[in-house]
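Only one structure is covered here, and it is reproduced in the block below.
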There are 2 protein chains.
Amino acid sequence: MSKLKVDIIAENLLAIHPLLYKSISKPLKNKSSITPGGMFVMGILKRNGMLSMSDIGNCLSMPKPHVTVIVDRLIEEEYVERQHDPKDRRIVNISLTAKGLADFEEVKEDLVINLKSKLVMLSDEQQEALSLASQQMKEILISILSIEKNKEY
Amino acid sequence: MSKLKVDIIAENLLAIHPLLYKSISKPLKNKSSITPGGMFVMGILKRNGMLSMSDIGNCLSMPKPHVTVIVDRLIEEEYVERQHDPKDRRIVNISLTAKGLADFEEVKEDLVINLKSKLVMLSDEQQEALSLASQQMKEILISILSIEKNKEY
DNA sequence: TATAATGGTTACAAAAATATAACTATTATT
DNA sequence: AATAATAGTTATATTTTTGTAACCATTATA
């Protein structure tokens, strides 16, 4: 791989990161009681279905006590629920509730509304390009970044 | 614009956000004394050159007192410097120092090294696709998300 | 010149993220 | 059966982020 290519990718990711932080994490708090961390947890639960506490920590690189705190809050608000794994009773599996899914979708809708007001500035071609580029980035990033169960927390 | 397209974009951004958070913000702290906020500030300073305190706050949707705190820390570590605007002495302009630029690049290098170890799992075509997709995403997101001086902080 | 507006800082408080150590319960290993 | 390893929680402390109100200095306005 050329040094140039990976450098370009790194620079792009570094530039994209604060933009997403600004347009996703920040507006989120004004509209709901879900914290960014809680949103991350709900997001991976939506994409992956039921996950253990450790899985969540590994997916998001969060220390386990932090996962506990976040999940505790999500449970208080009835966004997720705990289920002991019948095969290994040490494991606690977390899954989205119907309410959690609904409110997650609602937050996503807010993002959609916000995005819509910005996307009108783009041509049809640019919108299509953003759609395709984000799709590709998502798929590739998920494939290389999301599954990492080797780290210890 | 079709509802479908903006929905896809929103979902992709929501999925990409935690991945970047995990692979950029988190490893950052292990390697340097720069906080995520400080990294964001240095990033926009590198891309935009000299910026006023308010500009920084607007670019990153940060309240001004928070910008002051972050810039104070960056100044302590000699990563940025203050300069009073001679035309309007209320304005304080912030710019990267040579040390700041060097350490920012070093953090970026860490990301590059980390990315490299992941990218080997991808085919040449996929690497090229990620490079192009991230470039497109960066440019489009910057064009629609980055300049927003209307908000009050 | 008096007043308002702007850019920024200071002081303070609260929420969230992060990290570590000690602990319980359960399962695996010897 | 005793011990070690694993999954998760509890407790605690620190750092970072976020928000608000009061304030100073400078510039613009009336």
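Just so we're on the same page: letters track the sequence lines, and every chain starts at 1.
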Listed partners of B:Gln135 passing side chain to side chain contact (heavy atoms under 4.5 Å, CB included), at least two apart: A:Ile8, A:Asn12, B:Lys138, B:Glu139
message: For B:Asp110, give me all partners under salt bridge (Lys or Arg N to Asp or Glu O under 4.0 Å), at least two apart in sequence or on another chain.
response: none
Shortest side-chain distance from B:Pro36, nucleotide among C:dG8, D:dT17, D:dA21: D:dT17
- request: Return the residues of residues 66-75 of chain B meeting this criterion: a heavy atom under 4.0 Å from some atom of DNA chain D. Order them by number, or give none.
  value: B:His66, B:Arg73
- request: I would like to know whether A:Arg73 and A:Val80 meet side chain to side chain contact (heavy atoms under 4.5 Å, CB included); could you show each step before the answer?
  value: CA-CA 9 Å; A:Arg73 271 204 56 180; A:Val80 303; over 6 Å; no
message: Just to be sure I understand the rule, does A:Tyr21 reach a base, reach only the sugar-phosphate, or reach nothing, if contact means heavy atoms closer than 4.0 Å?
response: sugar-phosphate
- request: For C:dT9, take OP1 and OP2 only and decide whether either is under 4.0 Å from a side-chain N or O of B:Arg82.
  value: yes
message: Rounding to an integer number of Å, can you tell me how far B:Ile56 CD1 sits from C:dG8 P?
response: 9 Å
- prompt: Counting side-chain heavy atoms from CB outward, which of D:dA7, D:dT18, C:dG7 is closest to B:Pro63?
  reply: D:dT18
- prompt: How long is the line joining CG of A:Asp55 and C1' of D:dG8, in whole Å?
  reply: 13 Å
What's touching nucleotides 25-27 of chain C from the protein side, N or O pairs under 3.5 Å?
{"residue": "C:dT26", "atom": "OP1", "partner": "A:Arg89", "partner atom": "NH2", "Å": "3.2"}
{"residue": "C:dT26", "atom": "O2", "partner": "A:Arg90", "partner atom": "NH1", "Å": "3.4"}
{"residue": "C:dT27", "atom": "OP1", "partner": "A:Arg89", "partner atom": "N", "Å": "2.8"}
{"residue": "C:dT27", "atom": "O4'", "partner": "A:Arg90", "partner atom": "NE", "Å": "3.4"}

- prompt: Considering residues at least two apart in sequence or located in another chain, which fulfil the salt bridge (Lys or Arg N to Asp or Glu O under 4.0 Å) criterion with B:Glu81?
  reply: none
Rounded interatomic separation in angstrom, taking CD1 from A:Ile34 and P from C:dA16: 12 Å
- prompt: Does anything in residues 36-88 of chain B pair up under ring-ring contact (aromatic ring centres under 6.0 Å, His included), and if so which pairs, sequence neighbours excluded?
  reply: A:His17-B:Phe40, A:Tyr21-B:Phe40
- request: To the nearest Å, give me how far apart CE (B:Met53) and P (D:dT26) are.
  value: 17 Å
message: In this structure, how many angstroms lie between the P atom of D:dG8 and the CE atom of A:Met62, rounded?
response: 15 Å
message: Please report the distance, rounded to the nearest Å, between CD in B:Glu76 and C1' in D:dT16.
response: 15 Å
- prompt: Which residues pass the salt bridge (Lys or Arg N to Asp or Glu O under 4.0 Å) test with A:Arg47, sequence neighbours left out?
  reply: none
field: Atom-pair distance (CD1 on B:Ile91; C1' on D:dA25), nearest Å
entry: 13 Å
field: B:Met50: partners by side chain to side chain contact (heavy atoms under 4.5 Å, CB included), with sequence neighbours left out
entry: B:Gln83, B:Asn93, B:Ser95
task: Can you see which heavy atom on A:Met42 is nearest to which on A:Gly100, and at what distance?
output: CE-O, 3.1 Å
Whole-Å gap separating P (D:dG8) and CD1 (A:Ile94): 8 Å
Sequence-distant partners of B:Asp85, salt bridge (Lys or Arg N to Asp or Glu O under 4.0 Å), two or more places apart: none
